Amino acid sequence: ESKKKNIRKEAQSSEDPKRDTSPRSQILQSIKKLVTLGIINDNKDKEGKVTSELNPESETTFAEMLKMVLLLAKKDISDMDNVRVRNTSAQGQWSAPYIAMAEQLKIPMFTKTLNVNMPITRGMAIQLIIDVLDIEMKESSSRRVYRDVPSRYPYASAITTAVQLGWVSADSNGFFHPNVSITRAEAADILAKVIEWQDDVPKKKSIFNRFNPIEPLKRVSRRSLGFL
């Protein structure tokens, strides 16, 4: 029997999410939320047939993570098709308009030489979310954020901010694994928590004054552009 699951169908079949609080159930609910909002699209096989298989344990590339975060932030890429993308690995690819938007936003990690088709790490994924949403970061203290995230780690401040906002946490042994590639399931879970946080911002009058709560999300494009 194939280990691949129909994630979307499985998520939709969960009648009462409160009844099952397992990590697996939480991931399914996160995926369902992102699919509903158009942040995740149906996967297609080589023949263009919809498979609806997210392959949750697969690694997420820079381009894939960027696309999801830009859609979450409701960035309009409709004019990016006519913008020449500087990044060489994105030229002529489905990701070109998204990378062009990242270059326009001056997201530091999206340099001309970055291979956007390579997996993105957990630490860099958090930094990307912080940068796109333009959230003011909390400075990390002199102590370690987690056992494997020293205060001088390049993305320590971003991880500290994400921890305080309730987006991420360490494993049972106190490790965050910032240099490990983020899986699609992990990315979906974090982005779902970001959306929950956004919904609470107006109520709590967040101290992150640079961030403006986004309006209800809607699909930016009807085109099917590769993964998600």
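These numbers were taken from a predicted model, which means no experiment stands behind them. The analysis underlying the following values was restricted to heavy atoms, covering all of them including side chains, and did not include hydrogens, waters or symmetry mates. Sequential numbering from 1 along the given sequence is applied to the chain's residues.
- Taken to the nearest 0.5 Å, the CD1 atom of I129 stands 5.0 Å off from the CG atom of L191.
- Rounding to the nearest 0.5 Å places CG of L165 at 10.5 Å from CD of Q198.
- Although no hydrogens or angles enter the test, the distance criterion places a donor-acceptor pair under 3.5 Å between the side chain of E103 and the main chain of N87.
- In this structure, L114 CG and M124 CE are separated by 6.5 Å, a value rounded to the nearest 0.5 Å.
- Across all non-hydrogen atoms, the minimal contact from V83 to A100 is CG1-CB, 4.3 Å.
- A donor-acceptor contact closer than 3.5 angstrom is absent between the side chains of T121 and N179.
- Between atom CD of residue E136 and atom OG of residue S157 there is a gap of 11.0 Å, rounded to the nearest 0.5 Å.
- At a threshold of 4.5 Å between non-hydrogen side-chain atoms, the residues K193 and D189 count as touching.
- Minimum interatomic distance between P150 and A156 (heavy atoms only, all atoms of both residues): O-CB, 3.5 Å.
- Proximity of T160 to M137: side-chain heavy atoms (C-beta onward) are nowhere separated by under 4.5 Å.
- Side-chain contact between F110 and L128 is present, with heavy atoms from C-beta onward closer than 4.5 Å.
- The backbone N or O of F175 sits nowhere less than 3.5 Å from a side-chain atom of N173 that would complete a donor-acceptor pair.
- The heavy-atom pair separating M68 from A187 by the smallest distance is CE-CB, 3.9 Å.
- No side-chain heavy atom of Y155 sits under 4.5 Å from any side-chain heavy atom of P178.
- Of all heavy-atom pairs spanning D171 and H177, the tightest one is OD2-NE2, 2.8 Å.
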Subject >> Verdict with supporting geometry, V69 and D131, side-chain contact (heavy atoms from CB on, under 4.5 Å) >> reply: CA-CA 10 Å; V69 178; D131 288 344; over 6 Å; no
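- To the nearest 0.5 Å, atoms CD1 (I39) and NZ (K33) are separated by 9.5 Å.
- With a 4.5 Å cut-off on side-chain heavy atoms, Q93 and V116 do not count as touching.
- Panel note: side chain S30, backbone I190; no donor-acceptor pair is recorded below 3.5 Å.
- Ring planes of Y146 and F176: parallel class, angle under 30° (limits at 30 and 60°).
- Taken from CG in D134 to CG in L105, the straight-line distance is 9.0 Å, to the nearest 0.5 Å.
- Under the 4.5 Å side-chain heavy-atom criterion for ILVMFWY residues, no single connected hydrophobic cluster contains both V180 and I159.
- E186 and S181 get closest at one heavy-atom pair: OE1-O, 4.1 Å.
- When all heavy atoms of A162 and I126 are compared, the pair lying nearest together is CB-CG2, 3.7 Å.
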